[in-house]
Amino acid sequence: MIAYTFKRLLTLVPTLLAASVLVFLFIHLIPGDPAAILLGDTATPEEILALTRELGLDRPLWQQYVLWFKNVLSGDLGRSLFFDTPVLQVIADGAETSILLALLTMFWIVILGIPIGIVSASYKGTWIDQVTSGFAMLFASIPTFWLGLYLILIFSVGLGWLPSSGFPSVSDEGGWTNMRYLILPSLTLAAPNAALIIRLVRSSMLDVSREDHVRTARSKGLHPARVAIKHVFRNALIAVAAAFGFTFAALISEAVVTETVFSLPGIGRLVVQSILRRDYPVIQGVILIIVVLYMFVNLLVDLAYAWLDPRVSLS
Amino acid sequence: MNRDTRWKAIYAVVALCLAVSTANAATTLRYATVGEPPSLDQHVVTSDLATTIAHHMFEGLYTFNAANAPVPLLAASDSMSDDGKVITITLRDDVTFHNGQAMTSADVIASLQRWGEFGSRGGLLFGNVSGIEATGDHEITINLSEPFGPWKNLLAFINGGPAIYPASIMEGATKEPLKPEDYIGTGPYQFTEWQPNRHVELSRFDAYASPEGEADGYAGERKAEFDSLKFFPVPDVGTRVAGLQAGDYDYAESIPGDLYASLDADSNVSTILNGGPIFGLVFMNSKEGPLKENFALRRAIQTAIDKTPALQVAIGPEGLWKANGSFLPEGNVWFNDSGVDNFSRGDAEAAKAMAAEAGYTGDPIKFMVSTNYPFHYDSAIVYTKQLAQAGFNVDLQVYDWATLIEKRAQPDQWDLFFTHHGFVPDPILISVMNDNYPGWWTTEEKAALKAKFTASSDPAERQAIWGEIQALIYEQVPTMKTGDVYTYNIASPELQGLGDATLIWPHFWNVSK
């Protein structure tokens, strides 16, 4: 397993290299001049040219790439053109929000998705199944921005229970009670994903429940709940684990809309704003980190397979 | 003590505690902005968002009263020599910076020099300054090479303008914006912290010495009633509105016209019009392409367009726009009607004939617009249709704002582009007056009138010359004004002292809740 993990980590290198070239090229090929944006309407062409030179954006693209990549290898992602602070710091500022939001969202997905999925499968064909499946379909189809705005209208404007937007750091005044700012955004983000998990748990459990070992377990006279959890769910979990991996990674890109609606200072919004400002170093840095994160999550999912299913061999 | 009395006593104690805690609670104004400001350094940044925050911290020698006339702020008085070339400004001697130092002429000179050399609008004044010196601890003298009428308006306009910083901060400062740790000014609020994408926080400056006199626009007494001001970036407009209704914000800016009627009728929300309208401009390329030097063809385009339907579509409620051809609004000293007959004729037949006469044969006219500003895009769609009816072959090119900014700097990429302009106190600051601004309007007639306009110090004469320039704009059509747009903000009704409209940027001194 250690050898496998090491081998997988080694394959990260060419993937990262390819991703970094692609990201660099795409960003620099779209039109838009960061110097002109930074200097605003009153800048003269000479001033724009001078700043372009100062930022090193007048050099050939390959030179810019080599320089950037050399710095990345030494752990330096460059400086944000807009904030004039190191990219790593800009990303670290957004990471707190994004990580807490993703964790809280995963929490909702797990505590809503799995039990409802199990119940739905256990009562297949009854009204309980129809109601849960119906709601799952509904929440999988609702656009997140719409759901977000409605949650704000109901829980912030109408009932006044939860704050509508923003997220003060948990290290600020208020401490962990500031997590209440993330309740509505995480529910918004969790809704479509939990719905998918419900449907996935239901269908995998129904698949597994037709297998011989389940019939044997039932015929031995085991309690139906024990059959459902120990024999059916345990085996259905393999497919669900893969889905969790992708869901966690997708949360980062899906969070763009949610972070905008709820004005959260997260990484998703940072990327979008940096693209509009043509803040190249930030875009490159964030995307690189997202790529690494995706690859790590995939690796973890593969390792989880082996743990859940002894038949899977990692060698 | 019987049961009733005991309960009354408990109530009284609780009420007293609540009253005491409310009295001691820090009051914070929470402002929802449209986004993150680029930097708050007023010398080099012209973003309105930056000024909305920064003018609570930084002050200039002059500011504007409610009638948009420049009046002293850090200055006490001024005088001018008879030939109009020597300006002597006496400074107030009671002004303290946020770092505790007293303001002297050395600070003012250092700030004006940095602004003159590197500031966004500094070159306009300093192109005419031959020397500037301290002639006392609290007196400076500015020598002009030629008389220059707009000097006081330029010194009073804080956006991209001459904020006064301590000389120590100005040492070595260049075009690069100051870092937040150097945000030291003289205003009623001082810089506390900037958490990127979270908030910018200012706090009350206890040693603030307010100018005297009754509050009038930005002039007169300035009293910081809040303990702190917090500006939160809230890019989604639905969230800004819901956040204010939920009580998470006290003030939210830039609300779309569609919501005006319902918010204006809502007793839990106050609507505040922005007194200084913004106006759309469609620039024409004077350097390259079919419109270069073909004034007749430009007039044909101008004639084809009726501005009112575009304003109705793009803005909505009538109270929020005015099909006004004068570059500055009614009631302003620069308002005049020279040339405005041609503002919005919307006569397709006449335009067709004029275009034929101007030699137009159906070549495509590249019209760039950005979707970042919905009102640009909506107006451009209406114009494109009107132009097509008059026989013009318009190639509408839709970009994001960053792309448009890059492309408009390249003369071979476009013939028309849509932008908008903020309210300015002196027409010299309107972008079309700048020879370098994309469009590059540099005709001899313009140069002659512009020279006369800046040389005069007599307000009445300057107003008359501005009328001539405006008439020339309608004749040579370097740009087309699309009409005045009054943006509006919303506030919690608990805020006291806001007034019905802002002057240019909202201000929160003399405001409480």
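Below, chain A is the first sequence line, B the second, and so on; all start at residue 1. Atoms considered below: every heavy atom in the structure, side chains included; atoms not considered: hydrogens, waters and symmetry mates.
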Which value, rounded to the nearest 0.5 Å, describes the distance between Phe83(A) atom CZ and Ser39(B) atom OG? 12.0 Å

Report the option among Asp400(B), Val45(B), Asn436(B), Leu244(B) that has the most heavy-atom pairs separated by less than 4.5 Å from atoms of chain A. Asp400(B)

Contact part of Glu36(B) toward chain A, heavy-atom cut-off under 4.5 Å: side chain, backbone, both or neither? both

From OG1 (Thr239(B)) to CD1 (Ile152(A)), nearest 0.5 Å: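 If we round to the nearest 0.5 Å, Thr239(B):OG1 and Ile152(A):CD1 are 4.5 Å apart.
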
Under 4.5 Å from any heavy atom of chain B - which part of Phe167(A):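 It is both, since atoms from each part get that close.
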
Would you indicate whether the side-chain heavy atoms of Pro233(B) and Ser263(A) approach each other to under 4.5 Å? no

In terms of heavy-atom contacts, does CZ of Phe69(A) have more than 12 from other residues, nucleotides or ligands at under 6.0 Å?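 Count over threshold, so yes.
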
What part of Leu149(A) gets closer than 4.5 Å to chain B, counting heavy atoms only: side chain, backbone, both or neither?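 For Leu149(A), the contact with chain B is made by the side chain alone.
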
Honestly, the part of Ala242(B) sitting under 4.5 Å from a heavy atom of chain A is both

Whatever's closer than 4.5 Å to a heavy atom in chain A on Asn372(B) counts as side chain

Within the 3.5 Å criterion, strictly below it, is a donor on Ser164(A) or Tyr249(B) matched to an acceptor on the partner's side chain?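 Side chains of Ser164(A) and Tyr249(B): no pair found under 3.5 Å.
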
How many angstroms lie between atom CG of Asn197(B) and atom CD1 of Ile267(A), to the nearest 0.5 angstrom? 10.5 Å

Please give me the minimum heavy-atom distance between Ser156(A) and Ala246(B), naming the atom from each residue.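 Closest approach of Ser156(A) to Ala246(B), heavy atoms only: O-CB, 3.5 Å.
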
Give the C-alpha distance, both sets of side-chain angles, the deciding distance and a yes or no for side chain to side chain contact (heavy atoms under 4.5 Å, CB included) between Asp93(A) and Arg198(B). CA-CA 9 Å; Asp93(A) 286 343; Arg198(B) 277 212 167 89; 5.6 Å; no

Step through the shown structure and confirm whether more than 12 heavy atoms of other residues, nucleotides or ligands are within 6.0 Å of OH on Tyr65(A).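 Counting other residues, nucleotides and ligands, OH of Tyr65(A) exceeds 12 neighbours.
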
A quick test of your reading: do over 12 heavy atoms of other residues, nucleotides or ligands sit less than 6.0 Å from CZ of Arg59(A)? no

Flag if over 12 foreign heavy atoms under 6.0 Å of CD, Glu193(B):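 Check passes, neighbour count above 12.
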
Test log, rule side chain to side chain contact (heavy atoms under 4.5 Å, CB included), inputs Lys179(B) and Thr85(A): CA-CA 10 Å; Lys179(B) 301 258 183 297; Thr85(A) 46; over 6 Å; no

With respect to chain A, which residue among Val234(B), Asp236(B), Asp248(B) yields the maximal number of heavy-atom pairs within a distance under 4.5 Å?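 Maximum pair count with chain A is reached by Asp248(B).
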
Around Glu494(B), counting heavy atoms of other residues, nucleotides and ligands shown, do more than 12 lie under 6.0 Å from its CD?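 12 or below, so no.
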
Taking atom CZ as the centre, does Phe296(A) end up with more than 12 heavy-atom neighbours from other residues, nucleotides or ligands that are less than 6.0 angstrom away?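 Check fails, neighbour count at 12 or below.
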
